[in-house]
Amino acid sequence: MKDLDQKRGFTTSLGAITAAAGSAIGLGNIWRFPYTLGQQGGGAFLLVYLLFVFAIGLPIMMSEFVIGRRSQRNTVGAFRTLGPAYRRWSFVGVLGIVAAFLIYSFYSTVAGWTLNYVLLSSNGALSGKTPQEVSQVFSTFTSGTWAPLLCQMVFLVLTAAIITMGVQKGIERYTKILMPVLLALMLLLCLRSLTLKGASAGLSFLFKADFSKLTGGSVLSALGQALFSLSIGMGALITYGSYIRKEDNLFKTGLCVATADTLIALLAGIAIFPAVFAFGLSPASGPSLVYEVLPNVFNSMPMGRLFAVVFFLLLSIAALTSTISLLEIVVLWAVEELHCKRTAATLVVSLLIFGLGSLCTLSFGPLSGFHIAGYGVFDLLDRLTATYMMPIGALCLTLFLGWRYPKAEVREELTNNGKLKAGYFRVFYFSLRYLAPAALVIVLIMGILE
Ligand code: PFF
């Protein structure tokens, strides 16, 4: 308990919002969202995605805050702390910890790439290149062995260092400044991309909904993307909820985080797709998309090299505020439940992550021929977590809070013991009890059967 007390306390409501937004906004918005949308056919995917974010994602995010703030505990201990009768639900927390572990493994691969792109842009390795040459730089780097592993390791060390030094001050102080700068740069990128010749084809791809392209699988991947992007369904925001002040408004916090997260994803789409079409690239090229497209946009801008460095640096920081929350889920559990020392837990977990994470990284190179159930290690973990584990975790959370935990207590937590108005409560509770679980079950079944 001592550790929790010591760490607790975002000092302002803005601090809570920026920390949760820091967890939500990351590679999921700028790297995963565009490439998934590109693979799943564009506009129709976007509509379904937006629907999932606000109709299901926001209520689940608020639920995680409620569980976290009420229990003041890690994701596993939270259920037991809410009442001995809920002890059995701790498995939801365990599922979350496993998911965090797996996500961090492949996420750190991409975070490492991003870090290297800071270097590549600053030493001019991407400047003055044709789109084909830019793609070549990406595949040469990612298919190597030592360079991508080293970048991943540096990223893991950075995250571990922040976690051991104590999270709150760092996150609160820096995200407040850096996120708005990232937003400004994204706007600039959008502007450049939109003024490229042939940009309109990209806009139609992004915003024109062609529902014939939607399949059960693409609806499931829109759901997975929504949960992944909001960092929900696995207890990250239970962990952060335990740091939110009692007087803060959980609904407002959730709404701000979901809106900011969606805004950044949309801007990433607007920055990327017009450029994809203008440069004659394929929107469905997968995880490499952002790294093959954006350098071309920078190359077509005055002072592009400088902007590229700043952009990839900020993207690395956005990734860092997400990996901090991923590692924090596991470390807080180890500290509170297994009574480990924070430093020791951080070290051991990071080493284990590097073990699995290096397989993800190498699956683009030396291990590219190694497949499990038809997937490389990276793709397997990405799919397993976002498409299955997070929706299942989210389903369990809605069942717990909507059906098992007393409604009056949920209301009490959301209204800060009756001090806040909660006109939204009926809609929220309806989604939690009926809409979200039904949609989650249907989408999961549709996606699995396909
Ligand atoms: N939401 C993060 C992103 O979009 O990059 C990824 C993530 C962070 C997922 C933390 C889950 C999580 F617990």
Side-chain angles (χ1 to χ4, degrees), residues 1-10 16 20 23 59-104 163 167-168 227 231-246 248 250 254 325-342 344-346 348-349 385 389-414 416-417 429 432-433 436-437 440:
M1 206 58 197
K2 185 169 156 279
D3 199 58
L4 193 72
D5 288 339
Q6 191 188 325
K7 286 191 297 90
R8 183 170 317 134
F10 290 133
S23 167
I60 297 176
M61 180 180 281
M62 289 159 65
S63 307
E64 290 204 19
F65 286 155
V66 165
I67 297 173
R69 191 171 70 173
R70 207 158 178 80
S71 68
Q72 300 285 306
R73 278 283 170 162
N74 69 84
T75 63
V76 178
F79 294 91
R80 191 185 57 227
T81 311
L82 288 178
Y86 311 125
R87 195 185 197 98
R88 269 194 256 138
W89 289 85
S90 304
F91 79 90
V92 183
V94 175
L95 187 75
I97 292 195
V98 176
F101 192 88
L102 300 181
I103 292 178
Y104 191 20
I163 289 282
V167 187
Q168 267 51 56
L227 302 180
S231 300
I232 52 178
M234 43 176 292
L237 298 185
I238 293 184
T239 310
Y240 273 21
S242 72
Y243 301 129
I244 298 180
R245 295 181 315 167
K246 285 286 179 197
D248 283 350
L250 294 183
S325 71
L326 283 166
L327 184 56
E328 180 69 9
I329 304 174
V330 190
V331 167
L332 187 61
W333 162 76
V335 168
E336 288 183 4
E337 303 295 313
L338 309 179
H339 307 291
C340 300
K341 287 243 158 52
R342 170 162 277 267
T346 307
V348 172
V349 175
T385 47
M389 294 179 81
M390 294 178 93
I392 291 172
L395 176 64
C396 296
L397 282 168
T398 58
L399 294 179
F400 173 71
L401 215 67
W403 291 90
R404 189 71 180 84
Y405 197 64
K407 182 177 176 179
E409 305 226 5
V410 178
R411 185 188 263 281
E412 201 176 278
E413 192 63 35
L414 282 173
N416 298 353
N417 295 324
Y429 207 68
L432 195 63
R433 211 168 149 88
L440 287 163

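Values in this document were obtained by computation on a predicted structure and should not be read as measured data.
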Would you confirm whether [X], through its side chain, and [Y], through its main-chain N or O, come within 3.5 Å as a donor-acceptor pair?
X: Arg80; Y: Tyr86; value: no
X: Asn74; Y: Val76; value: yes
X: Glu328; Y: Ile163; value: no

Hey, are the side chains of [X] and [Y] touching, using non-hydrogen atoms and a 4.5 Å cut-off?
X: Glu413; Y: Ile67; answer: no
X: Met234; Y: Leu95; answer: no
X: Leu326; Y: Leu102; answer: no
X: Met389; Y: Val98; answer: yes
X: Arg433; Y: Lys407; answer: no

What distance separates [X] [atom1] from [Y] [atom2], expressed to the nearest 0.5 Å?
X: Leu397; Y: Leu237; atom1: CG; atom2: CG; value: 10.0 Å
X: Thr75; Y: Ile238; atom1: OG1; atom2: CD1; value: 6.0 Å
X: Thr81; Y: Phe79; atom1: OG1; atom2: CZ; value: 10.5 Å
X: Glu64; Y: Leu401; atom1: CD; atom2: CG; value: 10.5 Å
X: Tyr405; Y: Leu432; atom1: OH; atom2: CG; value: 13.0 Å
X: Arg73; Y: Thr239; atom1: CZ; atom2: OG1; value: 12.0 Å

- Task: Take Leu399 and Arg404 through the test side-chain contact (heavy atoms from CB on, under 4.5 Å) and record every step on the way to the result.
- Result: CA-CA 7 Å; Leu399 294 179; Arg404 189 71 180 84; over 6 Å; no

Looking at every non-hydrogen atom in both residues, tell me the closest pair between [X] and [Y] and how far apart they are.
X: Val330; Y: Ala100; value: CG2-CB, 4.1 Å
X: Ala345; Y: Ala334; value: CB-CB, 3.9 Å
X: Phe65; Y: Ala20; value: CZ-CB, 4.1 Å
X: Gly393; Y: Val92; value: O-CG1, 4.1 Å

Check: What do the steps show when you test Ser63 against Thr398 for side-chain contact (heavy atoms from CB on, under 4.5 Å), and what is the final call?
Finding: CA-CA 8 Å; Ser63 307; Thr398 58; 5.8 Å; no

- Please check if any side-chain donor atom of Ser325 sits under 3.5 Å from a side-chain acceptor atom of Ser23, or the reverse. yes

| said: Can a side-chain donor-acceptor contact be found between Asn416 and Arg69 if the only test is distance below 3.5 angstrom? | reply: yes

Requested in this report: Please check if atom NZ in Lys246 has more than 12 non-hydrogen atoms from other residues, nucleotides or ligands closer than 6.0 Å.
Outcome: yes

Practice problem: Dump the intermediate steps for side-chain contact (heavy atoms from CB on, under 4.5 Å) on Leu338 and Trp333, then the final yes or no. | Solution: CA-CA 7 Å; Leu338 309 179; Trp333 162 76; 3.7 Å; yes

- Message: Set out, in order, the CA-CA distance, both residues' side-chain angles and the distance that settles side-chain contact (heavy atoms from CB on, under 4.5 Å) for Leu82 and Phe400, then state yes or no.
- Response: CA-CA 11 Å; Leu82 288 178; Phe400 173 71; 3.9 Å; yes

